[in-house]
Amino acid sequence: MGANPTQAVGVTVFLLAFTALAGAIHAGSILLYLVAAAFLAGSLAIFRKIKPLEQAEN
């Protein structure tokens, strides 16, 4: 499977989600839990819209 720029954005947002989650666990902040959930939902939406490059070439 080939990589495309959208995959990089999805991975970046996914890593931001878990960084925010770690901060929420450490600080006990409800706001950071919501931010982490929003980032995670955003990354899932990005990953679902990615199409494999092999199909685009045909």
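In this text the structure is predicted, and so the values were computed from the model without any measurement. Note that these values count all heavy atoms, side chains included, but never hydrogens, waters or copies made by symmetry.
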> Report yes if the side chains of Phe39 and Thr19 come closer than 4.5 Å at any heavy-atom pair, otherwise no.
no
> Which pair of heavy atoms, one from Leu32 and one from Ala24, lies closest together, and at what distance?
CB-CB, 3.5 Å
> Are Val35 and Phe18 linked, directly or through intermediate hydrophobic residues, by side-chain heavy-atom contacts shorter than 4.5 Å (ILVMFWY only)?
no
> Which atom names give the shortest non-hydrogen contact between Ala36 and Ala17, and what distance separates them?
CB-O, 3.5 Å
> Which pair of heavy atoms, one from Val13 and one from Ile46, lies closest together, and at what distance?
CG2-CD1, 4.1 Å
> Can you establish whether the number of heavy atoms outside Phe14 located under 6.0 Å from its atom CZ is more than 12?
no
> Is there a chain of hydrophobic side chains (I, L, V, M, F, W, Y, each step under 4.5 Å between heavy atoms) that links Ile25 to Leu40?
yes
> Measure the spacing between OG of Ser29 and OH of Tyr33 and express it to the nearest 0.5 Å.
9.0 Å
